[in-house]
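The block underneath contains the structure these notes are about, expressed in structure tokens.
For clarity, every value in this text was computed on a predicted model and none was experimentally measured.
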Amino acid sequence: VQLQASGGGLVQPGGSLRLSCAASGNIASINVMGWYRQAPGKQRELVASITKGGRANYADFVEGRFTISRDDAEITVYLQMNNLRPEDTAVYYCNADRILRSDFRYEYDTWGQGTLVTVSS
């Protein structure tokens, strides 16, 4: 099972980006999917997460600017980021906390490779 993140790039303050993270492999279902970020010199932190039932949770710093969603048919999680700020600059990683594979085995704490978001004028 792999997670492939995409959608990062350079954007001006106040701009928007949409990140995608597609899961591939023999997957039956994924429990919680989330986005984390790590800025230079800082620890990785949770940005947002969403349960299989669609319940979303956001870090306080999001302040209503980001929206997480998931498409279980495509096994993809998205992060729509609006009104971006320079302090949002970081590598963004997607995560799946528990994956049920088609062979009924579980995989835990799976990470994508990260996608760089740079907010700068």
Cation-pi check, R44 to Y93: give yes when NZ or CZ is under 6.0 Å from the six-membered ring centre and within 45° of the ring axis, no otherwise. yes
Does the side chain of S16 pick up a donor-acceptor pair with the side chain of N82 at under 3.5 Å? yes
Tell me, yes or no, whether the heavy-atom count around F104 atom CZ, taken from other residues, nucleotides or ligands under 6.0 Å, exceeds 12. no
Please say yes or no: joined through hydrophobic side-chain contacts below 4.5 Å, possibly via intermediate residues, are L79 and L84 part of one cluster? yes
Can you pull out every side chain to side chain donor-acceptor pair (under 3.5 Å) where at least one residue sits in residues 45-62? Sequence neighbours excluded, please. R37-E45
Heavy-atom closest contact (A23 atom, I27 atom, distance): CB-CD1, 3.6 Å
When you group the ILVMFWY residues by side-chain heavy-atom contacts below 4.5 Å and let the links chain together, are V11 and L19 in the same group? yes
Only one of D97, L3, N95 passes side chain to side chain contact (heavy atoms under 4.5 Å, CB included) with T110; say which it is. L3
Distance from C94 atom SG to R70 atom CZ, nearest 0.5 Å? 12.0 Å
Spacing of CD1 belonging to I50 relative to OH belonging to Y78, to within rounding of 0.5 Å: 11.5 Å
In Å and rounded to the nearest 0.5 Å, what is the CD to SG distance from Q4 to C21? 8.0 Å
Distance-only, no hydrogens or angles: does the R65 side chain make a donor-acceptor pair with backbone N or O of N83 under 3.5 Å? yes
Considering only Ile, Leu, Val, Met, Phe, Trp and Tyr, and joining two whenever side-chain heavy atoms are under 4.5 Å apart, list the other residues clustered with V32. none
Show the nearest heavy-atom pair for residues Y92 and M81, with the distance to one decimal. CE2-SD, 3.8 Å
Gap between atom CG of L100 and atom OH of Y106 - 0.5 Å precision: 5.0 Å
Is E107 paired with R101 through a side-chain N to carboxylate O contact shorter than 4.0 Å? yes
Only distances under 3.5 Å count here; give the side-chain donor-acceptor pairs of residues 113-121 to other protein atoms, sequence neighbours excluded, each with its distance to 0.1 Å.
{"unit_1": "Q113", "atom_1": "OE1", "unit_2": "A5", "atom_2": "N", "d": "3.1"}
{"unit_1": "Q113", "atom_1": "NE2", "unit_2": "A5", "atom_2": "O", "d": "2.8"}
{"unit_1": "T115", "atom_1": "OG1", "unit_2": "G8", "atom_2": "N", "d": "3.0"}

Any chance you could measure S20, atom OG, to D71, atom CG, to the nearest 0.5 Å? 10.5 Å
Taking everything shown except N26 itself, do over 12 heavy atoms lie less than 6.0 Å from its CG? no
Establish whether V91 and F61 are linked, either directly or via other cluster members, by ILVMFWY side-chain heavy-atom contacts under 4.5 Å. no
Is the shortest side-chain N to carboxylate O distance from K42 to E87 below 4.0 Å? no
Would you say R98's side chain and I30's backbone share a donor-acceptor pair under 3.5 angstrom? no
Decide yes or no on side-chain contact (heavy atoms from CB on, under 4.5 Å) for W111 and Y36, but give the supporting numbers first. CA-CA 10 Å; W111 292 89; Y36 291 72; 3.6 Å; yes
